[in-house]
Amino acid sequence: MIFFRYGIESFQIQRDYKQQLKKLDSNVATSLQSFEVPETDWLELNNVLNNQSLFYSTKIITLNNLFAGKNSAVENGLINELKNGATLELPSTYLFINDCNLEMKYRAGKYQPVILGGDGRIRPLNKNQQELFLLLTPKAQLTKYYPKLKWPDMEKFLNQLIQEKDVELTPAAKKLLLELTGGNFWQIYHELNKLTNYLAGSDHKKAIDIEDINLLVNNTTKHLFEFIEAFCNQKLVQATKLIEELFNNEDNIASGLALLNRQILQFLDIKARLLAGQPSIEIEKSLNLPKSVSQKLINQASTLKIDNLVQLLNNLTKFNWSTKRGHGNETALFSLLTIAHAK
């Protein structure tokens with residue numbers, strides 16, 4: 001059985017995947033084998049898929065970043081398995097495919113899957129990947145797409161997490177939490193844990209308010225804006241300090257980098273539209289964000305130079321972040337510090 005989850009909301013993908021794993025028998029779950037596709041040898045994966053184990057009657061296999069992995073041997077092997085093999089149809093085989101770099105874009109008159117690179121740029125699927133996608137989606141017992149959440153959906157999902165944590169936030173506190181974190185639910189989940197513990201230790205507070213959010217929550221959005229501005233203005237000492245603020249938790253490097261890339265691309269888009277003469281009020285409405293956030297984005301974009309934004313984006317593309325994470329987060333952080341001093 002195949003369970004295929006893809007999109008750019010990696011927190012939701014991992015959350016739903018882990019919740020499904022928890023529903024499996026605990027003895028069965030111990031047989032889980034996970035593969036990062038960019039570094040996977042097809043012969044090893046094929047052996048796991050098709051060899052019968054004396055110890056486990058049920059096989060659970062997870063493939064991460066299948067389409068973004070650029071691993072043609074794995075792609076060809078799975079295409080052949082989907083066409084000719086029976087293993088993936090067995091109820092005793094669980095194949096989880098989680099791809100956080102695959103999204104749907106409207107191209108040539110219809111929505112098509114595209115790969116989101118580490119630099120935030122998109123590229124179409126090659127012929128092999130197109131065939132794999134078309135074979136995979138109808139055969140999967142579950143195929144679910146996780147698009148980028150828009151503001152109303154962010155609020156709904158935040159309310160769901162808050163309910164699960166059994167903690168109360170005022171409406172203003174919820175709005176501020178989303179603004180400070182830039183809608184990064186990896187960070188939001190971490191901040192909710194922190195806020196829950198804070199509330200549990202209070203003798204008089206029943207709900208988290210704005211003052212609590214300002215006191216306890218790391219202002220990721222503000223640091224992103226300030227870092228981009230510092231880099232573009234060649235304030236390298238300030239840029240380095242801001243990097244330390246952005247990546248003070250090594251577990252959040254991957255999501256932080258995704259946010260940084262996304263923010264640079266958003267500034268480039270706004271800047272290009274301003275230069276083309278589009279009225280600010282039209283841009284503001286199209287961003288689908290609270291008015292105060294939209295206005296801040298437009299104002300800052302107007303002061304930045306396109307050449308500097310492109311330079312920062314290009315510097316980020318010099319590194320394969322998925323590979324760096326494979327060798328340890330400290331290496332990735334050191335690389336980012338190096339980028340901050342690029343000219």
Side-chain angles (χ1 to χ4, degrees), residues 6-13 100-124 145-159 171-172 174-188 219-229 231-232 255-314 316-317:
Y6 68 101
I8 59 174
E9 289 293 346
S10 59
F11 177 84
Q12 286 185 291
I13 290 174
C100 302
N101 296 291
L102 188 67
E103 62 173 323
M104 302 298 289
K105 288 288 186 182
Y106 194 75
R107 299 163 67 92
K110 62 180 180 179
Y111 282 96
Q112 300 182 38
V114 296
I115 296 170
L116 181 67
D119 57 350
R121 298 172 183 174
I122 62 172
R123 70 174 191 270
Y145 174 51
Y146 297 76
K148 182 181 182 300
L149 291 176
K150 295 184 178 179
W151 192 263
D153 297 318
M154 286 185 187
E155 292 179 313
K156 289 179 183 177
F157 189 48
L158 175 60
N159 285 330
K174 294 176 187 177
K175 181 180 178 182
L176 183 58
L177 177 60
L178 287 170
E179 289 181 3
L180 293 181
T181 59
N184 175 8
F185 277 95
W186 288 105
Q187 183 188 349
I188 287 171
N219 193 339
T220 298
T221 301
K222 178 174 179 287
H223 292 151
L224 279 172
F225 289 0
E226 290 177 348
F227 166 71
I228 294 171
E229 188 173 273
F231 183 96
C232 290
S255 57
L257 286 170
L259 280 174
L260 179 57
N261 283 320
R262 187 185 299 177
Q263 191 56 63
I264 297 167
L265 289 168
Q266 187 176 50
F267 277 139
L268 280 168
D269 176 62
I270 294 171
K271 185 70 175 181
R273 290 158 71 178
L274 287 171
L275 291 175
Q278 185 174 359
S280 296
I281 192 168
E282 290 184 10
I283 301 174
E284 181 184 310
K285 290 179 180 178
S286 70
L287 292 175
N288 197 29
L289 293 168
K291 186 175 182 179
S292 60
V293 178
S294 298
Q295 289 177 340
K296 184 176 181 179
L297 284 168
I298 294 169
N299 289 338
Q300 187 169 12
S302 66
T303 66
L304 299 173
K305 295 181 179 179
I306 282 187
D307 289 347
N308 289 335
L309 288 169
V310 171
Q311 178 192 356
L312 178 54
L313 190 63
N314 287 338
L316 288 170
T317 66

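In this chain, numbering begins with 1 at the start of the sequence shown. Predicted model, so just to flag it, every value in this text is computed and none were measured.
The structure places CG of Asp153 at 12.5 Å from CG of Leu158, a figure rounded to the nearest 0.5 Å. Separating the CD atom in Gln295 from the CG atom in Leu287 is a distance of 11.0 Å, to the nearest 0.5 Å. Taken to the nearest 0.5 Å, the CG atom of Leu116 stands 10.5 Å off from the SG atom of Cys100. Note that OG of Ser286 and CD of Gln278 are 6.0 Å apart. Values are rounded to the nearest 0.5 Å. The CD1 atom of Ile8 lies 9.0 Å from the CD1 atom of Ile13; values are rounded to the nearest 0.5 Å. Interatomic distance, Leu178 CG to Asn184 CG, rounded to the nearest 0.5 Å: 11.0 Å.
Looking only at distances, a side-chain donor or acceptor of Asn159 sits under 3.5 Å from a matching main-chain atom of Glu155. Of the possible donor and acceptor atoms, one in the side chain of Lys271 sits under 3.5 Å from a partner among the backbone N and O of Ser302. For the pair Gln112 (side chain) and Arg107 (backbone), a donor-acceptor distance under 3.5 Å is present.
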Practice prompt. Carefully, step by step, assess Gln187 and Phe11 under the rule side-chain contact (heavy atoms from CB on, under 4.5 Å).
Written response: CA-CA 10 Å; Gln187 183 188 349; Phe11 177 84; over 6 Å; no
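Lys305 pairs with exactly one of Thr303, Asn308, Leu309 by the side chain to side chain contact (heavy atoms under 4.5 Å, CB included) rule, that one being Asn308.
Between Gly109 and Tyr106 the shortest heavy-atom distance is O-OH, 3.2 Å. Pairing each heavy atom of Met154 with each of Phe185, the nearest pair is O-CZ, 3.5 Å.
Other residues, nucleotides and ligands place no more than 12 heavy atoms under 6.0 Å from the CD1 atom of Ile281.
Two residues are said to be in side-chain contact when any heavy atoms from C-beta on lie closer than 4.5 Å; Gln12 and Leu149 meet this criterion. At a threshold of 4.5 Å between non-hydrogen side-chain atoms, the residues Ile115 and Leu102 count as touching. When side chains are defined from C-beta on, Lys148 counts as touching Glu9, because their heavy atoms get closer than 4.5 Å. No side-chain heavy atom of Tyr111 sits under 4.5 Å from any side-chain heavy atom of Tyr145. Looking only at side-chain heavy atoms (C-beta outward), Glu284 and Ile298 come within less than 4.5 Å of each other. Under the 4.5 Å side-chain criterion, counting only non-hydrogen atoms from C-beta, Gln300 is not in contact with Ile270. Side-chain atoms of Ile283 and Leu297, non-hydrogen and from C-beta on, never get closer than 4.5 Å to each other.
Tyr6 has its ring centre no less than 6.0 Å from the ring centre of Tyr146.
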